[in-house]
2 protein chains.
Amino acid sequence: MKPLTERQRLVLAFIEEFCRRQGYPPTVREVAAHFGVQPRAAADHLAALKRKGYLHREPGLSRGLSLASRLEEQVVEVPIVGRIAAGRPLLASEHVEDTLPLPRSWVHGEEVFLLKVTGDSMSPLLLPGDLVMVKAQPRVARGEIAVVLVNDEATLKRVYEEAGGLVLKGDNPEFAPLRFARDEAAELVQILGKVVGVYRSFEGRGPR
Amino acid sequence: MKPLTERQRLVLAFIEEFCRRQGYPPTVREVAAHFGVQPRAAADHLAALKRKGYLHREPGLSRGLSLASRLEEQVVEVPIVGRIAAGRPLLASEHVEDTLPLPRSWVHGEEVFLLKVTGDSMSPLLLPGDLVMVKAQPRVARGEIAVVLVNDEATLKRVYEEAGGLVLKGDNPEFAPLRFARDEAAELVQILGKVVGVYRSFEGRGPR
DNA sequence: TTAGATACTATACAAAAGTATACTTGTCAA
DNA sequence: TTGACAAGTATACTTTTGTATAGTATCTAA
């Protein structure tokens with residue numbers, strides 16, 4: 001994007017601040033009044049900012065401008081899934097407990113959801129209370145961490161397809177691997193998605 | 001908040017969608033046109049939504065309405081700090097590489113920043129590439145993980161104040177603890193803040 | 001049963017707001 | 001030195017837009 005002049009930078013900053021405080025963009029006259037100039041001068045600035053790609057404008061509409069770098073474009077509302085029960089619609093509203101606005105750069109693709117870790121089977125990589133980001137997909141590569149639905153219960157495990165069938169392994173050695181014959185797995189095991197990220201808060205956890 | 005009627009819920013949903021797409025709120029007439037009613041009817045709905053606390057309005061202003069549950073209120077722009085050099089202003093613009101919009105519920109307090117983990121000293125809890133959330137503070141409780149500036153270099157360590165002085169310990173046993181006499185520590189060691197959270201992306205990391 | 005909210009129609013008015021016309025001044029690169 | 005851009009003044013015109021007036025009809029809880 002073309003660089004801005006100092007004056008244009010100030011105008012853009014004013015618009016950002018105005019939107020943040022008011023929830024709607026300023027009028028040409030409000031920009032003009034803030035800088036103590038005539039409406040025409042302010043309109044010139046807006047035209048320059050539009051020409052340089054820093055904001056969109058709808059000609060003729062009052063307050064018809066919006067920032068090119070809007071929060072709505074930087075942020076994605078990711079659903080937090082609660083208890084997962086068997087039966088299809090994973091992202092159906094009955095499973096969604098809440099949503100969290102996360103930076104778009106963390107969310108690749110559409111079918112992503114958050115899940116609160118409850119068990120200890122992936123310790124120490126994933127601990128109870130962690131929030132894992134999961135990309136919904138029916139298969140994962142060998143050794144990747146997946147959300148797996150076994151007997152109507154969702155768990156986090158590494159998935160290995162082997163000659164004998166399917167093996168689900170936790171990182172925690174205290175948990176024995178689960179083994180399924182190929183036909184058995186097809187019936188009892190459903191991979192819901194791949195773990196693509198974790199968020200952990202240390203607050204409320206004691207120090208070592 | 002008072003419950004909405006079905007019609008009011010639809011109007012609110014339209015306003016949310018409109019703001020998300022356009023970047024500015026709709027006019028009374030745009031709401032009216034969308035529902036195929038007269039401007040007066042739409043204005044009645046807006047008045048009801050305001051009365052019930054779902055949106056703010058500035059009387060007389062075009063598009064002078066904003067949602068009570070705005071993204072701006074749910075999200076905080078947290079600075080990502082790059083190379084930290086000695087000398088005071090930690091959150092000065094020369095240290096801030098970028099910012100990331102994070103949910104307000106993750107950010108307690110004001111003086112919070114993000115730091116990319118580079119070393120291995122806190123492995124396996126914190127790995128290179130992780131993004132840690134740090135609350136800027138000059139002291140931490142015994143055993144808490146801190147961002148510590150030693151010899152003009154920022155590292156992550158657990159901090160223990162002991163009889164002999166200050167001990168900085170990584171979780172990784174391959175790293176020997178750093179010990180400082182009390183007066184030595186005051187000169188060479190500066191605690192920049194407490195690690196309060198981590199975000200880790202698994203993409204780009206190989207499976208086990 | 002009556003007051004109060006909901007949900008509208010239809011018309012009209014005045015303020016708010018974008019924009020056009022006509023100029024001026026200064027800077028800076030081709 | 002000329003033309004493009006930046007930054008402005010001053011006045012005016014025309015839409016856009018919120019709101020007021022005056023009604024109608026339905027439903028619901030005191």
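Within every chain, numbering begins at 1; the chains are lettered A, B, ... in the order of the sequence lines, protein sequences first and strands thereafter. Atoms considered below: every heavy atom in the structure, side chains included; atoms not considered: hydrogens, waters and symmetry mates.
- Within 4.0 Å of B:Q8, counting heavy atoms only, lie sugar-phosphate atoms of the nucleic acid but no base atom.
- If you check every strand for non-hydrogen atoms under 4.0 Å, A:A43 touches nothing.
- Of all heavy-atom pairs between B:P25 and B:C19, the closest is CA-SG, 3.7 Å.
- A salt bridge does not link B:R21 to A:E72: none of the charged side-chain nitrogens sits closer than 4.0 Å to a carboxylate oxygen.
- Within residues 53-61 of chain A, the residues approached by DNA chain C to less than 4.0 Å at the level of any non-hydrogen atom are A:R57, A:P59, A:G60, A:L61, in residue-number order.
- In this structure, B:K50 places its NZ atom 14 Å from P of D:dG18, rounding to the nearest Å.
- As a whole-Å value, the separation of B:E6 CD from D:dC27 C1' is 17 Å.
- Each of A:V37 and A:A48 was assigned the nucleotide of DNA chain D with the nearest heavy atom; the assignment lying further toward the 5' end belongs to A:A48.
- Within a 6.0 Å radius of CZ in A:R104, more than 12 heavy atoms belonging to other residues, nucleotides or ligands are found.
- By the 4.0 Å N-to-carboxylate-O rule, B:K116 lies too far from B:E97 to be salt-bridged with it.
- A:R63 comes within 4.0 angstrom of the backbone, heavy atoms only, and of no base.
- Note on B:K52: only backbone sugar-phosphate atoms sit closer than 4.0 angstrom, heavy atoms only; bases stay farther off.
- Remark: side-chain polar atoms of A:R63 are paired, donor with acceptor, to backbone N or O of B:S62 under 3.5 angstrom.
- The shortest distance between the side-chain N/O atoms of A:T5 and the OP1/OP2 oxygens of D:dA7 is below 4.0 Å.
- The phosphate of D:dC27 has neither OP1 nor OP2 within less than 4.0 Å of any side-chain N or O from B:R7.
- Phosphate contact (OP1/OP2 of C:dG4, side-chain N/O of B:R51, threshold under 4.0 Å): absent.
- Scanning atom types as modelled, one donor and one acceptor separated by under 3.5 angstrom connect the side chain of B:R29 and the base of D:dG18.
- Within a 6.0 Å radius of CD in B:E153, other residues, nucleotides and ligands contribute 12 heavy atoms or fewer.
- One can place CZ of B:R9 at 16 Å from C1' of C:dT6, the figure rounded to the nearest angstrom.
- Rounded to an integer number of Å, the gap from B:D44 CG to C:dG4 C1' is 14 Å.
- Taking atom NE2 of residue B:H45 and atom P of nucleotide D:dT19, one finds them 16 Å apart after rounding to whole Å.
- Here the C1' atom of nucleotide C:dA5 and the NZ atom of B:K2 are 10 Å apart, to the nearest Å.
- Between atom CZ of residue A:F14 and atom NE2 of residue A:H34 there is a gap of 5.0 Å, rounded to the nearest 0.5 Å.
- Distance CD (A:Q38) to P (C:dT24): 16 Å, rounded to an integer number of Å.
- In the set D:dA10, C:dG18, D:dT19, C:dG18 carries the atom at the smallest distance from any side-chain atom of A:S62.
- As rounded to whole Å, 13 Å separates atom C1' of D:dA7 from atom CG of A:L46.
- Inter-residue side-chain proximity for B:R158 and B:M122 is flagged as met; some heavy-atom pair is nearer than 4.5 Å.
- At a cut-off of 3.5 angstrom, counting only N and O atoms as typed in the model, there is a donor on one side and an acceptor on the other between the side-chain of A:R40 and the base of C:dT21.
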